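Below is one structure, written out as structure tokens, with a few remarks after it.
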Amino acid sequence: MTALEYANIIIDISHEKVDRLFQYRIPDRLKDKVEVGCPVEVPFGKGNTMRKGYVLELTDEPNWDPDKIKEIAAVPEDKLGAEDISIRLAAWMKRYYGSTMIAALKTVLPATKKQNIQKHKFVSLRMDLRQAREYYYECASKKNQKARERILAELLLAPDDRIPYELITQKLHVTAATLKSLAEKGVIRIDEEEYYRKPIAGDSDRYGAKELSPEQQGIVDSFISDYDAGKRDTYLIHGITGSGKTEVYIALIDEIIKRGKQAIVLIPEIALTYQTLMRFYRHFGDRVSVMNSSLSPGEKYDQMERARTGDIDIIIGPRSALFTPFPNTGIIIIDEEHESSYKSESMPKYHARETAIELAKLVPGGASVVLGSATPSLESYYRATTGQYHLFELKRRLTGGTLPQVEIADLREELRTGNRSIFSRRLQELMEDRLNKGEQAMLFINRRGLAGFVSCRSCGYVFKCPHCDVSLSEHRGGRLVCHYCGYEQPLTKICPKCSSKYVSSFRAGTQQIEDEVKKMWPNARTLRMDADTTRTKGSYDRILSAFASKEADVLVGTQMIVKGHDFPDVTLVGILAADMSLHASDYRASERTFQLLTQAAGRAGRGEKPGNVVIQTYEPEHYSVQTASRQDYEAFYEEEIAYRDLLRYPPISHMMSVQILSYDEDLGMQFATRLRAIMEQNKRDGAIFIGPASAAIGKINDVYRMAVYVKMDDYDGLIAYKDMLEKYIHQLEDMGKLKKISVQFDFDPVNGF
DNA sequence: AGCACGCCGACT
DNA sequence: GTCGGCGTGCTC
């Protein structure tokens, strides 16, 4: 029951007049039905025509003359349509991730109609040319029919006798009213045409489903018997690389489509490769469509329209594909669910996994969510073990390809025995061997956590915060700083553990490595792949295909080279600095490292020839390194979840990061301290406050960044804190006191701030 | 998007 | 004077 008097409503989303809110009174009879996100019927405009709107805010304060505020007429009872669901989802995202409703709406309704001239409405002549010419002269002779004259002139000249509607209203300055009267007079005709662009020409030589292994078939059968029994659930498929998760997805989608439903498949942007897509195209033909960032807004809109009208049943795309307006979504699949690209970095900072689960609840009849990964996120595996998700395992590799032999090279030992190069002796040996045999190698530098941790190159000791157990970062003036709580200590030149003087911050780049390779093996042909070399469109695919066609012997790159793509001739993978991501200054460092190492190791020996992997590290005994080298997920999980439990990090607990951006460092710090104080004055059970502290990247474009963290078992408690802070911030803004500071919230952060 | 209002030329 | 086309601005 809403006790509040007024609802702020947005009218007719589809026509991009999202800029204004209209306030309506909520009549008593509707008070228990009206809520944020729900569709309503309201009288609008001079003629009080009934229009559909959506409730975005509820309030007790009229924002103008209460006598002029009209009443909401009705709340439609019928099943929610695709757009209603999107708005509801936006309302949930606003609440759950703490963004504005407008930002949430823009995320959920990404494609706008106003894109290309190639639209569906066309205007054409309804009379023959002679008649039209006569009518044109008639208009031209009169002073008050200039608009008609312009249209006629344009239509007479049009090459195919028709003009896009938008061209007329925008370029010719003719209003819709004029067109309508001309249409009624029988001079012109307004046609709608369905015209959709297809981003990839689908060769639809469908071939039937592949024979599934008993393991795979078991998953499909179990899922379908749940589904047919009306059970909608979240499933986690933990399947080692090469165990055939994609075939399972395809079989599941087949079954879902047979039941008249549609499927959304999310994959990380980076894995949107031609091969992956072709597997879906071959099976589903033109019933499948792809969304990716290289599509123009117009093309994206077309994909959405095709989904809405039932032209397609399956959409594949990155996290934004989640908002495809299918009439009856039956399954949402998230492949490589551990990928950090599923967490949005702009407002609202939503996670595709959680949002998919929420969407699945809103969809008519409910949908099931299927998560898949070789290295599941701690979140998902934790929920699978606690019974919130259903766990499936794929333990057998389908296609041959033996598991590579993984070796760990101890860089401390290398230094001790006089090897100061960036390649361990074992890696040099193997490189030599592969280059001689004409086989390929990949060198992977882990550049995550570039903020630069400080370590001892002799014993591997890493300076850590005694309170937060994350690495300290080196700051100017010889200070070591914790990015969570702000703890600080002076940088010492001598290692506190082994007293050596090899203490330094760790930095390395792909460029240096490529240079080093060329120096050591002048005949080796190298390719480099990192943020610099993949800046232009298509360069990513170009580099990968060049390497696949053996135009180079060595591929040097950052984490982007470890995803997807099979190179059968790669028989050596070198991981140059496994530690890098281990000591990023946030609590997910070990998890990320394990995932990267496991995936990188999985690149070797995908073909017939056996492969080798060398993991170079200063910390060979670390559990991330050890368990990754054995490809032992469960062992890693046990260690990691114990650490999260001890320090109350997600997924055991929840964490909200309150991020403050300020042009003035002192002002920002003061404000952050004030925010923490406000929360502490209203302390809730089990809340733990940390900070404020400077962010991992303390300053970007002259804007200082700092954060306060709150850890709490109860997610709703965090939301309550967020609401409390938002209210306070709005008050200050209304008084004009918060010009130089902005605040954002990030729940259960995935990427460091 | 749709509607009313107000301006201005055309027709009675 | 009145009718009607057409551009503009507003819609709680």
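Letters A, B, ... are given to chains in the order of the sequence lines, protein chains preceding strands, and every chain is numbered from 1. Not measured: the values here are computed from a predicted model.
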Any side chain to side chain donor-acceptor pair (under 3.5 Å) pairs touching residues 65-75 of chain A, not counting sequence neighbours?
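Those involving residues 65-75 of chain A are A:N48-A:K70.
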Side chain to side chain donor-acceptor pair (under 3.5 Å) partners of residues 87-101 of chain A, not counting sequence neighbours, each pair once
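Pairs touching residues 87-101 of chain A that pass the test: A:E35-A:R88, A:W92-A:E358, A:R95-A:D716, A:Y97-A:E354.
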Distance, rounded to the nearest Å, where [X] contributes [atom1] and [N] contributes [atom2]:
X	N	atom1	atom2	value
A:N63	C:dT11	CG	P	12 Å
A:N8	C:dT11	CG	P	15 Å
A:L179	B:dA1	CG	P	11 Å
A:Y24	C:dT11	OH	P	11 Å
A:E138	B:dC11	CD	P	10 Å
A:K52	B:dA1	NZ	P	18 Å
A:K142	B:dC11	NZ	P	6 Å

Could you tell me which residues satisfy salt bridge (Lys or Arg N to Asp or Glu O under 4.0 Å) with [X], sequence neighbours excluded, listed by chain and number?
X	value
A:E57	none
A:K343	A:D746
A:D84	A:K52

Would you give a per-nucleotide map of nucleotides 4-9 of chain C, 5' to 3', where B means the base has a protein non-hydrogen atom under 4.0 Å away, S means only the sugar-phosphate does, and - means neither?
-SSSB-
Taking for each residue the nucleotide of DNA chain B bearing the nearest heavy atom, is the 5' side occupied by A:F44 or by A:K143?
A:F44
I want to confirm an ordering. Mapping A:T49 and A:S141 to their closest nucleotides on DNA chain B, which one lands closer to the 5' end?
A:T49
Establish, yes or no, whether the cationic atom of A:R319 lies under 6.0 Å from the six-membered ring centre of A:Y350 and within 45° of the ring axis.
yes
